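Before any comments, here is the structure.
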Amino acid sequence: MIDAFASRARWCSLCVMASIAFAVVALRLIYLHVWNGEALQAVAEKNRYTFRVLHARRGDIQDTHGNILATTRAVITLGIDPQVLRDPDKIKFPRLADLAGIPLTAVEEAAALQVKASDKTKRPIRWKKLAEGLNDTTYEAILALKIKGVYGNRSFERLYPAGKQGGHVLGFINKEGLAVGGVEQYLDFYLRGQDGWIETECDGKRQELVQYRERQVPPREGCRAELYLDLTLQHIVEKKIEAIAEKYKPLSISIIVSEASGPLLALANYPTYDPNHFSQYSLDTHRNRAITDVYEPGSAFKIVVSSAALEEQVVSLEETFDCGKPTLFYKGRELKLPKNYRTMGVLSVRDIVVCSSNRGMVYLAVRLGEERFYNYIKKFGFGALSGYDGLGEVRGIVHKVKDWDGLTITRLPMGHALAATPLQMHCAMGVIAHRGVRMQPLLIKQIVDDTQKTLVSYQPKIKERVVSEQTAATVMQLLEKVARNTKIRGVPIGYKTGTTQKLINGRYSTSQHVSSSSGFIRSKDKTIVLTIVIDSPEFKGTAYGALVASPYFKELAEEIIHHLKLEPPHEA
Amino acid sequence: MIQKATLKPWSLLSLSVLILFITALGAITLVWMRQQTTHSASSCKHLEIELHKLEIKSAFLSSKIAQMHNPQYLLSQVKDGFRRPSNEQVIGEKRVDLVRPTIAPTLALKAQSPHVHTGL
């Protein structure tokens, strides 16, 4: 056994060195914890503290039967980091391409990219997108391949399962996540929900230390919007639009179907777009032409003059007028009357409406007087917003009486010298179909929150009584006569067609017309209003509404009667 | 009268050991509790993630179902398309109330005077 020996000096120096070392540590600790403690603690807390936003899921939009028209789902965007890719993993590329649904060359090209060709700084590429819109199952299968550097980022995607159907009604969510047009924009406040947040701490690897989660506010899911729209009926209407577009190659088409009490069952336009791929379509196609574009309604507008004249009792149904005379003395001036589409002689008011006499309508308007006539035009809803639950509606043009020129009184009764949207014409027909009362067009049925509580319920809303029930019934009878008392499966239909020459470069064109047909289907339980407007159909000769729009009106009426199971009314 | 407290060496030692033991136990308990908290929090987070994943899957399935309910998709699945039945093909049937039997003998019974037990 050897006794250890240490000199006193060595022992002392060792003690001093150890003491100094401890003192340094102690001083450093004092500096970190006491001297600079608060500042350093703040830095550490700041590094650990994380504020994370929990995005709320946007609410769904459903049709009247609960079919989803717009929904939000989480999708994964798959990408590759070429910097960390390992060579042995490259044999898995064919399987990866197969799962992601992309060509193998796309994967190989992405994997080969190291720096951006356009980037002068030669920064390495850390992310190259491979595919987007992947679901969880596919992503899990891709992750199971264990390819280093292949991973995905989750994002929310707005999906419109019905594709093009109802695109104009729904609107869309753009790349910035903003609602554009339609119900999406109109109900954005309700649909977008309320984001939540988490205040928590993270470790050095940015992994959440859940035990230090301080505050958590869960997101509030967006409300669900239920529309009056019927997806099947919308499909029927859109198929019909496709057929019209194929046959006549028009500039645009609008078809509106609603209950007379206001609820819109279908609204479609041509050209249309798919809100899922809105960027692939021109901006022109995004327009809901039924509310944004105006046209001269033509003879369909004659329901206004005839209803007003009958309501005011300035004429009776059997009173006759000479509709063959080309001129009329009015306020001391001889006014040239518009031509009838065929030669007409003395006609009763009943026949003036049924035969759609332009000159006869002028007589009715003259009997009414300018002010009264103007008031009725306004009461029928022309020149004002209809109250459609969407954005972008225009008022149309109805000139005040003081701005009328000498010929306005002869042109206005046949639906010229004013501009209306297809929806305004539709609502005017709705007045006749709804016993003389103008109703607000309704698109949204109700808004329901995430606890299934109804927040807002939209019920049919009366705008005003325009004509008496009796007058409306009389005009309905006349319109049924226009349709030659046609009954489909026992259900009577009535309509008024319209044909207007388009105003091109300040002149009425002889080759371009707007053909329209607006009418109703009178069943036992409810009356359906249907309007078809076809702008510039390719047609040899004059594209009369009776020749172009009416056949489709009847076809659609038949399909509507079948779909809605409409039953014949109880005739008095 | 004041008595002098005598502290024997073994009791001092046992007291020290007890204090050390309690301190160590307290420290271990504290660590254990913290670990349990961490463990519970991790489990909660795990469940939270699972729930979120299920919600995502549910939303995805709902959207798939909605796509398949679309009339356009349904029609595309039928090779020759649909044709509406003609009026002759439609057969009307009387509505049958499935809850209540169509022939209810009890309802057909006439009102009778209550049976009186005479005791004979």
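Note that this is a predicted model, so its numbers are computed, not measured. Every chain is numbered from 1, with letters handed out A, B, ... down the list of sequences.
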Taking [atom1] in [X] as the centre, count heavy atoms belonging to other residues, nucleotides or ligands within less than 6.0 Å. Is the count above 12?
X: A/E246; atom1: CD; answer: no
X: A/R48; atom1: CZ; answer: yes
X: A/Q194; atom1: CD; answer: no
X: B/K53; atom1: NZ; answer: no
X: A/Y190; atom1: OH; answer: no
X: B/F21; atom1: CZ; answer: no
X: A/R215; atom1: CZ; answer: no

[X] [atom1] to [Y] [atom2] distance, which is reported to the nearest 0.5 Å:
X: B/T38; Y: A/Q211; atom1: OG1; atom2: CD; answer: 3.5 Å
X: A/R158; Y: B/S63; atom1: CZ; atom2: OG; answer: 11.5 Å
X: B/F60; Y: A/T71; atom1: CZ; atom2: OG1; answer: 11.0 Å
X: A/K239; Y: B/Q72; atom1: NZ; atom2: CD; answer: 6.0 Å
X: B/Q67; Y: A/L159; atom1: CD; atom2: CG; answer: 5.0 Å
X: A/L54; Y: B/H52; atom1: CG; atom2: NE2; answer: 9.0 Å

Part of [X] lying under 4.5 Å from any heavy atom of chain B:
X: A/Q216; result: side chain
X: A/N67; result: side chain
X: A/Q234; result: neither
X: A/E221; result: neither

For chain B, which candidate among A/N135, A/D136, A/L209 shows the most heavy-atom pairs at distances under 4.5 Å?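 The residue among A/N135, A/D136, A/L209 with the greatest pair count is A/N135.
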
Let me know if B/L75 has heavy atoms under 4.5 Å from chain A in its side chain, its backbone, both or neither.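 Contact with chain A: side chain only.
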
Is any side-chain N of the basic residue among B/E48 and A/R213 closer than 4.0 Å to the acidic one's carboxylate O?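 Here B/E48 pairs with A/R213 in a salt bridge, since their nearest N and O are under 4.0 Å apart.
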
Can you list the steps and then say if A/R73 with B/I56 is a side chain to side chain contact (heavy atoms under 4.5 Å, CB included)? CA-CA 7 Å; A/R73 65 179 186 181; B/I56 285 169; over 6 Å; no

Do A/V210 and B/C44 have side chains that get closer than 4.5 Å, going by heavy atoms?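 When only atoms from C-beta onward are counted, B/C44 and A/V210 do not touch, as no gap falls below 4.5 Å.
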
Which one wins on heavy-atom pair count under 4.5 Å against chain A: B/S40, B/A66, B/S62?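 Most heavy-atom pairs within the cutoff with chain A belong to B/A66.
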
